[in-house]
Protein chains: 2
Amino acid sequence: MSQHHYSIGLDYGTNSVRGVVVDVADGREIASAVYNYQHGDDGIILDRSNVHVARQSPEDYIAGFEYVIAHCLEAAKQSANITPDQIIGIGIDTTGSTPIPVNKECLPLALTPEFKDNINAQAWLWKDHSSSKEAQTITELAQNIRPQYLSKCGGVYSSEWFFSKILHCLNVDEEVFDAAYSWVELADFVPAYICGINDVAQVKRGICAAGHKAMFNEQWGGLPDKEFLSQLHPKLAALRDRLYDKAYPADEVAGYLSDAYQRKFGFSKGIPVAVGGFDAHFGAVGAGVGEGVLVKIIGTSTCDITVSPVEQKVDDIPGVCGIVNGSVLPGYFGVEAGQSAVGDILNWFVEKICDGDADYHNVLTEKASKLQPGESGLLALDWNNGNRTILVDVELSGLLIGQTLQTTQAEIYRALIEATAFGALRIIERFEEYGVEISRVVNCGGIANKNPMFMQIYADVIGKPMEIAGSTETCALGSAIFGAAVAGSAAGGYDDVEEARKNMFAKSKKVYHPSEKNHRVYRELYGLYRTLHDSFGVRGYQEDLFPVMKELLRIKKECSQA
Amino acid sequence: MSQHHYSIGLDYGTNSVRGVVVDVADGREIASAVYNYQHGDDGIILDRSNVHVARQSPEDYIAGFEYVIAHCLEAAKQSANITPDQIIGIGIDTTGSTPIPVNKECLPLALTPEFKDNINAQAWLWKDHSSSKEAQTITELAQNIRPQYLSKCGGVYSSEWFFSKILHCLNVDEEVFDAAYSWVELADFVPAYICGINDVAQVKRGICAAGHKAMFNEQWGGLPDKEFLSQLHPKLAALRDRLYDKAYPADEVAGYLSDAYQRKFGFSKGIPVAVGGFDAHFGAVGAGVGEGVLVKIIGTSTCDITVSPVEQKVDDIPGVCGIVNGSVLPGYFGVEAGQSAVGDILNWFVEKICDGDADYHNVLTEKASKLQPGESGLLALDWNNGNRTILVDVELSGLLIGQTLQTTQAEIYRALIEATAFGALRIIERFEEYGVEISRVVNCGGIANKNPMFMQIYADVIGKPMEIAGSTETCALGSAIFGAAVAGSAAGGYDDVEEARKNMFAKSKKVYHPSEKNHRVYRELYGLYRTLHDSFGVRGYQEDLFPVMKELLRIKKECSQA
C-alpha cells in the first residue's frame with residue numbers, strides 16, 4: 001500500500017478557528033479541531049460606547065493556530081494512525097475584510113506592549129461598521145474622479161472594507177495610524193506569521209482580499225493611486241508605498257512553515273503554505289465551484305460565488321459586487337454576489353416580531369410547510385437590511401403586502417423565505433443576462449443543511465435543482481485543497497488547483513428538484529415581485545401597481561382551491 | 001318644583017339590548033339595564049357548515065324589550081323615585097341591515113311553530129356574510145342597468161344588506177322565502193311589535209335602513225323598480241308589492257305602545273314610540289352630530305357620520321357609502337362613511353402575529369407611546385379588510401413598508417394605528433373636497449375612551465382636536481332623544497329633534513389637541529401614504545415609488561435625532 005498524503009485546511013471564522021486534516025486523494029476529512037477565541041464576547045472585542053465597533057485580538061489567531069494544529073494531528077494519529085510527516089501542505093481562509101495594523105516586521109501593534117490594550121490596534125473584524133462615514137467619503141470621491149474603482153465592487157465602497165477602516169483609524173486614533181508601518185488582511189497575516197516572515201514587504205498579499213475589498217486591479221496599476229488617496233488624506237497616500245503592488249491567487253505559495261513550528265509539531269521540513277483567501281471563496285472551492293456552478297453560502301446573509309473563464313471577459317455585471325481575476329480559481333474571474341439578509345430576516349421575524357426563541361423556527365417551519373405556494377396571498381421584499389446585489393442600495397427597506405385579518409405568523413414566515421428566494425433568482429437572472437450561465441446550484445450553510453422546506457422553496461422558485469454540498473466544512477476543505485495544490489505532485493499533492501479541486505471537493509449529498517406545478521405559481525408571484533422590486537428599487541421606474549393586490553388575491557383563490 | 005319628564009332609549013346591539021332612562025331636560029342618564037341574548041353563541045346563531053352565517057332569534061328581541069323596560073323602571077324608581085307615568089316617549093335603535101322574514105301579521109316566521117327551528121327563518125344579523133354571491137349579482141346588474149342605485153351606497157352593494165340576504169334566502173331556502181309575506185328590518189320590527197301593529201302594511205319603515213341598505217330613494221320612486229328586481233328573480237319583483245313605498249325619519253311616530261305593554265309596566269296611556277333607526281346614526285345624534293360635526297364610532301371597524309343641510313344638495317360624494325335624506329336628522333342629508341377595519345387590525349396584529357392576549361394591547365401601547373412620529377421609519381396601509389370608503393374595494397389588502405432587522409412589535413403596532421388615522425384623514429379630506437366641511441370631530445367607542453395614545457395620534461395626524469363623547473352609551477341616548485322628540489312639548493318633550501338634540505346630547509368630556517410639531521411630521525408621512533394609497537388603490541395611477549423608502553429613512557433619521 002502506497003503512502004497516503006494529507007493536507008491541512010484552516011478556517012478562521014468570526015468566533016473560532018477550525019482545522020481539518022484531509023486526504024489528498026479524495027478530500028475525505030480525517031480529523032478536525034476547533035479553537036474558540038478567548039478575547040471579548042465570543043471572540044469579539046466590543047466598545048460599549050459604539051455598537052458598530054467589532055475587533056479581535058491577534059493573540060487569538062496565533063493561539064488558535066497552535067491549538068488547532070496540535071489537536072488535529074493528535075486526532076489524525078488516533079483515528080487513522082497518521083503521522084505529521086504525511087502532511088504535505090497547509091491552506092488558510094479567513095473572514096474579511098479584517099485588516100490588522102502591523103509594524104515593519106509584520107508584528108500586529110496589538111502584540112506590542114505599547115498598544116496591547118488599545119482597541120484600535122486590534123484586528124478590525126469584517127463586521128465592524130464604525131467606518132460608515134469614511135465609506136461614504138470614499139464612494140463619493142470615487143464616483144467623482146475614479147468611477148472605475150467602484151465598477152468591480154458593485155458601485156458602493158462598504159464600511160466593512162480595508163480603506164474605510166484604515167481611514168477611520170486615522171480619523172479617530174492617529175497615534176495607532178502613525179505607529180502602523182502597514183496594514184495586512186487577516187488572510188495574509190496568518191500565512192506570513194506561521195511562515196516566520198518578519199518583513200512586511202515580503203508578505204504575499206492574496207488577490208481575493210485585494211481585489212474584492214481594496215479596489216486592487218492590474219488594469220489601473222494595483223491599489224488606488226496616490227492622487228486618489230491623497231484627496232482622502234495625505235497620510236493615506238503616504239501609506240500606499242508601504243502597502244503592496246502585487247497580489248497573488250491562492251495556488252501560489254505564501255511561504256514555508258517556520259522552522260520553529262515545523263519542529264514543534266514534527267512536520268517534514270519545508271511544508272508549503274498557500275496564499276490565504278476569504279472563507280466564502282475557499283468554501284465555494286470546497287463545494288465544487290466551477291464554470292456554470294453557483295455556490296450559495298446561506299446564513300444570516302448570503303454569499304453567491306461562481307467563476308467565469310478569463311477569456312470570456314465578463315468583467316462588469318451591473319450591480320454585482322465583486323468580479324476579480326483569480327480570486328476564486330486561477331484562470332477565472334471570481335464572481336461574487338450576495339443578499340444582505342436571509343437568515344437574519346427570519347431571525348428578526350421570529351425574535352423581534354413573534355417573540356420566539358431559536359426553536360420557534362421549527363414551529364413555524366412545520367406550519368409553513370403545509371401551505372401551498374400562493375395560498376397565503378402574501379408577497380414580501382427581502383430588503384430589511386438593504387439590497388447588496390443588483391440594486392446595491394443600503395437605503396432600501398422591507399415590504400410586506402397582501403395581509404388580511406386572517407394572516408398568520410407561519411404565512412408571513414413562508415412569505416419571507418419566498419422573498420429571499422425571489423432575490424436569489426434575481427441574482428441568477430442577472431448573471432445569465434451578462435453571459436454567466438448557471439447550470440447547477442450548490443448550497444452550503446446551516447439553513448441549507450437543516451431546512452428542507454427552505455431548500456424546496458428555493459428549487460421551486462428558481463426552477464433549478466438545489467444541491468446540498470457534501471460537507472458542512474467546505475471552507476476548511478477549500479483551504480486544504482489549496483494546501484494540496486501548492487504541495488505539488490512530487491510531494492504527493494497536485495500540480496494545479498483544477499486537478500486538486502476535482503479530486504477533493506465535497507460531492508453534493510442531496511438534491512431538491514423543482515416541482516413544475518409550484519414553479520408555475522412562483523413564476524407568477526415572481527412577476528409581481530419584480531414589479532415591486534423595480535418600482536421601489538429603481539429610480540424613475542413606473543408601472544401601474546393597482547393589479548398587484550388583485551393578482552395576489554386571484555392567485556390565492558386559485559391556489560386555495562387547488 | 002315642576003314635574004320632571006323622562007324618555008327611554010333602547011339600543012339593540014349584536015349580543016345584547018341596553019335600555020336607558022334619560023332626563024328630557026338635559027339628557028342625563030338616570031337608570032339603565034342590559035339583557036344578554038339567550039340564543040346561540042352570545043346571541044348569535046351559527047351554522048357549523050358555513051362560517052358566514054350569523055342569525056338571531058326574534059325571541060331575544062322581545063324578551064330583551066320586556067326585561068330591559070322592567071329593570072330600567074325598577075332602577076329609576078330606586079335611584080330617583082321616578083314613576084312610570086313620568087316616561088313620555090320611547091326611541092329604538094338596532095344593528096342593521098338585520099332583516100327578518102315575517103307573515104302578513106308582521107309576526108316573524110321564527111315565532112311560528114312551522115319555522116321555529118329553521119335557521120333561515122330567523123333574523124339575518126348584519127354580520128351574516130353568506131350572501132356574497134348575491135351581493136355581487138346585484139352590484140353587477142345595477143352597474144349595467146341602474147347605476148344610480150349604487151351612487152348612494154358607495155358603488156358596491158354589500159353582502160350585509162337587505163336584498164342580498166333576501167335573494168340568498170330565495171336561493172337556498174325557497175320554502176322560507178315563499179312563506180314570508182314580507183321582510184322587515186329589526187329597526188322597524190321592534191317599534192311595530194311593541195305598538196301591537198299586526199298588519200305589515202301598517203309598519204312604518206325607517207328611512208335610515210331603507211336608504212342606506214335597500215337602495216330606497218324618492219328620486220326613483222322608492223325601492224328598486226320591478227324590472228330591476230325581476231332580473232334578479234321574478235319572485236323578488238313580486239315581493240316588492242309586499243314591502244313598502246314610503247320611509248320615515250325617526251322624528252315621526254311609529255306608533256303608540258300597545259295597551260298590553262302599557263298596563264304591564266304601568267305607563268300612561270298612549271306613549272309614542274319613534275320610528276327606529278341604526279345604532280350608529282342614533283349614536284351620532286347622542287354624541288351631538290350636526291352641521292360641521294363629524295362623529296366617529298371607533299370599534300373593530302369605524303363608522304363616520306355627519307350631516308349636510310338638504311339645501312346644500314351634497315348628495316353624491318364619490319366613494320362615500322351612504323348619503324340619505326333624513327337618515328340622521330330631519331332636514332339634513334345623513335352622510336355615512338367608514339373604515340372596514342380599525343380595532344380589528346390591531347386585534348389581528350396582537351392575536352395572530354404577536355400571539356398576545358387582550359392585555360397585550362396595553363403592553364404595546366405603553367411601548368409605542370414612547371416613540372416619536374416618524375421615528376420607526378414604518379408606514380402601513382389600513383386595508384387588511386379592504387377599503388370601505390373612498391376606494392370601496394374589498395379586494396385590497398394590507399401593506400407594511402420600511403421594516404429593518406431592528407423593527408419591533410411596538411413600532412408596527414404604532415404604524416398600524418397611524419395607518420388607520422391616515423385612512424380617517426383621507427375620508428375627512430374627501431368630505432371637504434365635496435363641500436362638507438368638518439370643524440369638530442367627536443369620537444365614540446371603546447378605543448376612543450380607553451386609549452389616549454390612539455386619540456393623540458389621530459389628533460396629530462388629522463390636525464384637528466379630537467373630542468371624546470360625553471357618554472359611552474350615545475346610541476341609547478340618541479334613541480331617548482328621538483323618544484323625547486316624538487313626545488312633543490305638550491307632554492313635556494320637544495316639538496322638534498333639533499331642540500331635543502341640543503338639550504340632551506352628551507357634551508364632549510375630553511379633547512385631544514394636535515401637536516403642531518407632530519402634525520408636521522405626519523403631513524410628510526401622509527404624503528407618502530397617499531402615494532401608496534393611490535398607487536395600489538387607483539387603477540392606472542402611476543407615480544415614481546423609488547423615493548418612498550428613501551423619504552421614510554430620511555424622516556426616520558430626522559425624527560430620531562430630534
Side-chain angles (χ1 to χ4, degrees), chain A residues 300 340-341 344-345 347-349 351-356 360 377-381 383-387 391 393-412 532 534-554 556-557, chain B residues 300 340-341 344-345 347-349 351-356 360 377-381 383-387 391 393-412 532 534-554 556-557:
Chain A
T300 54
S340 320
D344 266 350
I345 294 185
N347 289 337
W348 162 73
F349 183 67
E351 291 163 20
K352 298 254 186 182
I353 306 304
C354 301
D355 203 13
Y360 205 63
L378 295 174
L379 183 62
L381 289 174
W383 298 348
N384 289 44
N385 196 24
N387 175 294
L391 300 171
D393 189 344
V394 296
E395 297 201 322
L396 294 173
S397 53
L399 184 146
L400 179 68
I401 189 170
Q403 51 271 43
T404 69
L405 296 174
Q406 281 73 48
T407 296
T408 64
Q409 289 180 341
E411 288 175 328
I412 295 177
L532 295 178
D534 292 353
S535 295
F536 287 97
V538 179
R539 192 188 300 275
Y541 182 90
Q542 285 188 39
E543 186 177 338
D544 185 3
L545 294 176
F546 181 77
V548 173
M549 290 177 179
K550 315 293 183 197
E551 284 293 289
L552 285 172
L553 202 59
R554 177 186 60 76
K556 176 180 182 169
K557 279 180 190 161
Chain B
T300 53
S340 319
D344 267 350
I345 294 184
N347 289 337
W348 161 74
F349 183 67
E351 290 163 20
K352 297 254 186 182
I353 305 305
C354 301
D355 204 13
Y360 205 62
L378 295 174
L379 183 62
L381 288 175
W383 298 347
N384 288 44
N385 197 23
N387 175 294
L391 301 170
D393 190 343
V394 296
E395 296 201 323
L396 293 173
S397 54
L399 183 146
L400 179 69
I401 189 171
Q403 51 272 41
T404 69
L405 296 174
Q406 281 74 47
T407 296
T408 64
Q409 289 180 340
E411 288 175 328
I412 295 176
L532 296 177
D534 292 352
S535 296
F536 287 97
V538 179
R539 192 186 302 275
Y541 181 91
Q542 285 189 38
E543 185 178 338
D544 185 3
L545 293 176
F546 181 77
V548 174
M549 290 177 179
K550 313 295 183 197
E551 284 293 290
L552 286 171
L553 202 60
R554 176 185 62 75
K556 176 179 182 171
K557 279 182 190 159

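The chains referred to below are lettered A, B, ... by the order of the sequence lines, with proteins before strands, and numbering in each begins at 1.
Contact annotation for A:E543: only backbone heavy atoms (N, CA, C, O) come within less than 4.5 Å of a heavy atom of chain B. Residue contact with chain B, scored on non-hydrogen atoms closer than 4.5 Å, involves the backbone of A:V538 exclusively. Neither the backbone nor the side chain of A:L379 comes within contact range of chain B, judged by heavy atoms closer than 4.5 Å. Neither the backbone nor the side chain of B:N347 comes within contact range of chain A; no heavy atoms are under 4.5 Å apart. With a threshold of 4.5 angstrom between heavy atoms, A:L391 does not approach chain B through any atom at all. Both the backbone and the side chain of A:F536 come within less than 4.5 Å of a heavy atom of chain B.
Heavy atoms only, all atoms of each residue included: B:S340 and B:G386 are closest at OG-O, 3.5 Å. Taking both residues in full, the closest heavy atoms of B:S397 and A:G402 are given as OG-CA, 3.2 Å, listed atom of the first, atom of the second, then distance.
If you tally non-hydrogen atom pairs under 4.5 Å between each of A:L553, A:L405, A:I401 and chain B, the highest count goes to A:L405. Contact tally against chain B (heavy-atom pairs below 4.5 Å) for A:C354, A:P547, A:G540: the top residue is A:G540. With chain A as partner, the option from B:L396, B:T408, B:D355, B:I412 having the largest number of non-hydrogen pairs under 4.5 angstrom is B:L396. The most heavy-atom pairs under 4.5 Å with chain A, out of B:T407, B:L552, B:D534, come from B:T407. Between chain B and the residues A:K352, A:Q542, A:E395, the largest count of heavy-atom pairs under 4.5 Å involves A:Q542. Across B:D544, B:I345, B:L378, the residue that shares the most heavy-atom pairs under 4.5 angstrom with chain A is B:D544.
Taking 4.5 Å as the limit, every side-chain heavy atom of A:F349 sits out of range of all side-chain heavy atoms of A:L400. Under the 4.5 Å side-chain criterion, counting only non-hydrogen atoms from C-beta, A:R539 is not in contact with A:D393.
Between the CG atom in A:L545 and the CG atom in B:L532 there is a gap of 9.0 Å [rounded to 0.5 Å]. Taking CD of B:Q409 as the start and OH of B:Y360 as the end, the distance is 3.5 Å to the nearest 0.5 Å.
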